[in-house]
Amino acid sequence: GNNVWGNGGRLPGPTKAATEGETMEYFELLVIGAGPAGLTATDYGQRTGLHCLVLEKEAPGGQAKLTDMIENWPGTLSINGFELGQNFLQHAGHLGAEIRSSEVSHIRLEHDLRFVTTGDGQEIEAGAVIITLDSSHSHLGDPGAVEFTGRGVSVCADMEGVSYRG
């Protein structure tokens, strides 16, 4: 792929082990997390010609996937959060990114390269790594708070408040 960043810098190439077909894979860009930030970074990487891999331990979409109805996404009047996450994933895949369901257990830096170890012990070499970690909300421990989040229990007044107007 084209491994030139917009600022003229170059991504490091694969090590000899990765180029000789040994067990290690090489990606110019490895993105950890398939939420809006991770898949947007992947889209831009793919569009500039980088060979990209996305690792996500859960379903794509980040926190949005937990929302029953999203009505503030530009260009879309209303969409279910899980469906929006699937749209993000489909878009990244359409551009050629490889997307895997996997947890990351370790990241090691060695010279200009990054080595990412997955939950099953596979080590993947990357020229660059972008980490887009999900966050989680704190719940008060009330009965039903977790199972009804996004369906009556709100965690974001800005986004969900419109549902309760009137």
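By convention here, the first residue in the shown sequence is residue 1.
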E98: partners by side chain to side chain contact (heavy atoms under 4.5 Å, CB included), with sequence neighbours left out
F27, L53, R100
Non-hydrogen side-chain atoms of L55 and V31 separated by less than 4.5 Å:
no
Any side chain to side chain donor-acceptor pair (under 3.5 Å) pairs touching residues 37-46, not counting sequence neighbours?
D43-H91
Note: N80 and M69 closest approach over all heavy atoms is N-SD, 4.0 Å
Report whether L113 and V116 are members of the same hydrophobic cluster (ILVMFWY, side-chain heavy atoms less than 4.5 Å apart, transitive linking).
no
Residues at least two apart in sequence or cross-chain that pass salt bridge (charged side-chain N to carboxylate O under 4.0 Å, His left out) with E58, listed by chain then number, are K65
Go through the structure and list residues passing side chain to side chain contact (heavy atoms under 4.5 Å, CB included) with Q86, not counting sequence neighbours.
P60, F82, L89
For a quick test of reading the model, state the closest non-hydrogen atom pair linking S102 to G119 and the distance between them.
OG-N, 4.0 Å
Is there a side chain to side chain contact (heavy atoms under 4.5 Å, CB included) between Q122 and M24? Walk through the geometry before answering.
CA-CA 8 Å; Q122 179 187 12; M24 192 175 309; over 6 Å; no
L39 reachable from L84 in the ILVMFWY side-chain graph, under 4.5 Å edges
yes
Check side chain to side chain contact (heavy atoms under 4.5 Å, CB included) between T117 and all other residues, then give those that pass, not counting sequence neighbours.
S105, H106, E123
Heavy-atom pair with the smallest gap, counting every atom of C52 and G45:
SG-C, 3.8 Å
Which pair of heavy atoms, one from A34 and one from V54, lies closest together, and at what distance?
CB-CG1, 4.0 Å
Mind checking whether L29 and F88 sit in one hydrophobic cluster, side chains of I, L, V, M, F, W, Y counted as touching below 4.5 Å?
yes
From I32 atom CD1 to K57 atom NZ, the distance as rounded to the nearest 0.5 Å:
11.5 Å
Excluding sequence neighbours, so at least two apart, what forms side chain to side chain contact (heavy atoms under 4.5 Å, CB included) with T76?
W73, I79
Which heavy atom of G35 sits nearest to which heavy atom of E56, and what is that distance?
N-OE1, 4.3 Å
When every non-hydrogen atom of I99 is compared with those of G93, the smallest separation belongs to CD1-N, 3.9 Å
Value rounded to 0.5 Å, distance of CD in E125 from CZ in R114:
10.5 Å
Would you say that I107 contacts I131 through its side chain, given a criterion of any heavy-atom pair below 4.5 Å between the two side chains?
yes
Does L109 have more than 12 heavy atoms from other residues, nucleotides or ligands lying within 6.0 Å of its CG?
yes
Heavy atoms, side chains only, cut-off 4.5 Å: are T118 and E103 in contact?
no
